[in-house]
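Below: one structure, written as structure tokens.
The structure presented is a predicted model; accordingly, all values stated were derived computationally and were not measured. Protein chains get the first letters and strands the later ones, always in sequence-line order, with residue 1 at the start of each.
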Amino acid sequence: MADTTLETPAVTHRPRRIRWETVGDHVVLILGSLLMILPPLLALTTASHDAVTIHREGLQLTIGDDLGKNFHAAMLEKGGFTQTVDGTLMLMNSFILGIGFAVGKIIISMMAAYAIVYFRLRFATLAFWMIFTTLLLPLEVRILPSYEAIQKLGLTNTYTGLIVPLIASATGTFFFRQFFMSVPEELAEAARIDGAGPWKFFIDILVPLSRTMIAAIFIIMFVFGWNQYLWPTLITTDESFFTLVRGIKQIVLSYTDSQIPEHGQALALAIVAMIPPVAIVIFFQNWFVKGLTESDK
Amino acid sequence: MAQVSLEGIRKVYPNGFKAVKSTSFTIQDGEFVVLVGPSGCGKSTLLRMIAGLEDITEGTLKIGDRVVNNVDPADRDIAMVFQNYALYPHMTVRKNIGYGLKNRGTPASEIAAKVEDAAKMLNLTEYLDRKPAQLSGGQRQRVAMGRAVVRDPALFLFDEPLSNLDAKLRNQMRIEIKALQRRLGTTAVYVTHDQVEAMTMADRIIVLNAGQIEQIGTPTEIYHNPASTFVASFMGAPPMNLIEAEVADQQVRINGYDGLMPAPGSYAGPVTMGIRPEDVELDEQGSVTFRVDILEELGAHRLLHGAIADQPFTVMVNKDHDVQTGETRVTLKPDALRLFDAETGKVL
């Protein structure tokens, strides 16, 4: 029996051509990623050193021994002026603001869009464009009247005061309006004949249909709410209402009693403050893309 | 089950467009009525007014003995099947069918039983737990039917329910819908632009044109005795031949042709003469010369398109006639001739 394996033609190894465009693309992407990753990485490495080292030598690229200690202190040690706030409380406040902000925005903007699209209002289009023009009036522009109103209502240093003024959302209303307009009209008519009133149609049909939309807007709004800085700074003077983003500087970096500020703890908190928005985007990116690109009808 | 009556129903849209001009007719209990007409003739508007999805500008609409002009669609005791089915995409077939019952506060056990019954009737039992996206067009159509049937309404409304299906399925569903309606004995109003559907399904057909009723009648009446040239040319495939002619001394003369034929009735003057393509016979001794231009093969029949005295004309012959293009002679069956007023198009 002939050994056939010997006769199989040897695979010719052609030298693989280096495609320079591909290499170029990758270099740009890698540099970009590094540029984005380096600051948080630096924060993490620096957070593993004690305050004195950081104060004396600046940012550290090596891993030190105090990582656990700094995180522990940042999350659980009471700090600030009143010595009543710790990282955990601020984290919770941030979640309340982020979730309250996102949920509130979704509810309000969905209902506004529902009214505009499905009800024969006399000035529906006008109302929509009025809502839309509020995009030109972000909080920063109307900050004095907003503060005045909240202060007169006695809502400073409350979660309500923190969340409600930020809730009205032209962007959300716009997205939901576009989505509702793409839902076939017959669906509403079939529901009417099936005996579903406006409220039932909204809850039974529209809300489930908008799931992906809701998820996408939730992600955007949660991150947006989480990162609020100016408004919480204005409206909360009571340290127990401080959010992470606002509290890092106030609580940990305050020069009290001529001590060296706890740079390590502050950086640890900064890492903590970054995790939830990043996690949400990573875990829900499928929903996010779906909600903004395809409609499930 | 109910009788439906429309008295002087009109629809004028806010922009002034008169979609439906004053319309009156009565649909008998258990009757299957088809509204047919070209797009924009107002047939869907009429149906939507009966459903309550469109306000009635003027007139009285009664379902049973009740005036329902201002009654909410949910309380009119009707069910509607939409052209795109309008199934709720996030609900299973079971929930889709049961949704109307649930909203009316029917106990869950009763809903379950009724949904099972409806599903069995429509061969949907094995699909009950699927979502509409997992079904074929025909199955979705059945679910839409199920949603209507399960509520046992007084009146079914169909808005071009078969136009999204392929031809074969359409034929099959046509028969199924008709059989179902017969079995349940529910009054039905069916809107279509397809005259074949109208002919095959209807107990009575209402032909609409430009917001007005052209004719109401059984399919046979509409086919054989069209009330106007519009009905004559809209109903029937191929449509009725309409040629210009002149009547004098009880004789018809086709314009540009010298042969004469006996005329029905005693009218005199210019007319439009109508005759169905199958009522024309090829005949060596025939009185009319017909020029055949194109042969169209339909299997059982053959259509000969051509002209009589330069006016377009179609003849339908049996498949075993051997025909060539060119001149031939034909006889028009005298009792199949219909004469219409040349000006108004109304039958004489």
Side-chain angles (χ1 to χ4, degrees), chain A residues 106 110 113-114 116-127 175-176 178-218 284 286-287 290-297, chain B residues 13-14 44 47-55 68 71-92 95-106 111 131-133 140 143-148 150-151 153-161 164:
Chain A
I106 286 169
M110 246 184 127
Y114 183 50
I116 289 169
V117 175
Y118 283 94
F119 293 87
R120 259 174 251 159
L121 300 173
R122 216 182 149 73
F123 299 110
T125 322
L126 182 72
F175 275 128
F176 279 116
Q178 296 309 101
F179 177 75
F180 289 166
M181 291 208 304
S182 74
V183 172
E185 214 174 306
E186 284 88 350
L187 226 49
E189 294 175 345
R192 261 183 94 186
I193 292 176
D194 265 343
W199 179 243
K200 262 196 177 153
F201 173 67
F202 185 64
I203 293 294
D204 285 354
I205 316 275
L206 270 189
V207 173
L209 277 184
S210 322
R211 273 175 324 213
T212 46
M213 222 27 221
I214 292 173
I217 292 182
F218 180 86
F284 293 105
N286 271 340
W287 283 80
K290 245 194 199 168
L292 293 184
T293 53
E294 72 180 42
S295 50
D296 167 38
K297 282 181 295 298
Chain B
Y13 280 107
S44 283
L47 188 82
R48 292 166 57 80
M49 283 197 282
I50 299 176
L53 298 171
E54 221 45 94
D55 291 334
V68 291
V71 176
D72 197 74
D75 303 323
R76 290 192 183 194
D77 201 12
I78 52 157
M80 186 155 169
V81 177
F82 292 87
Q83 180 174 3
N84 63 5
Y85 320 137
L87 303 178
Y88 312 121
H90 59 290
M91 292 187 193
T92 60
K95 287 200 174 140
N96 259 292
I97 297 179
Y99 187 63
L101 293 175
K102 193 181 137 213
N103 285 334
R104 285 174 173 75
T106 316
I111 295 179
K131 296 253 177 86
R140 282 183 215 176
V143 177
M145 288 290 299
R147 200 162 61 175
V150 78
R151 292 207 349 247
L155 175 64
F156 284 145
L157 301 173
F158 297 95
D159 190 4
E160 310 208 14
N164 285 355

Quiz item: Is A:Gln178 atom CD crowded by more than 12 heavy atoms from other residues, nucleotides or ligands, each under 6.0 Å away?
Solution: yes
Cut-off 4.5 Å, heavy atoms of chain B, and the answer for A:Ala188 is neither
- Does B:Tyr99 have B:Arg151 sitting over its ring (NZ/CZ under 6.0 Å from centre, angle to axis within 45°)? no
Under 4.5 Å to a heavy atom of chain A? For B:Leu87 that would be backbone
Okay, B:Asp72 and chain A: the region with an atom under 4.5 Å from a heavy atom over there is side chain
Before accepting this row, confirm whether a basic side-chain N of the pair B:Arg48/B:Asp159 lies closer than 4.0 Å to the acidic partner's carboxylate O. no
Please check if the distance between the ring centroids of A:Phe202 and A:Tyr118 is under 6.0 Å. no
So, the part of B:Ala144 with a heavy atom under 4.5 Å from chain A: the answer is neither
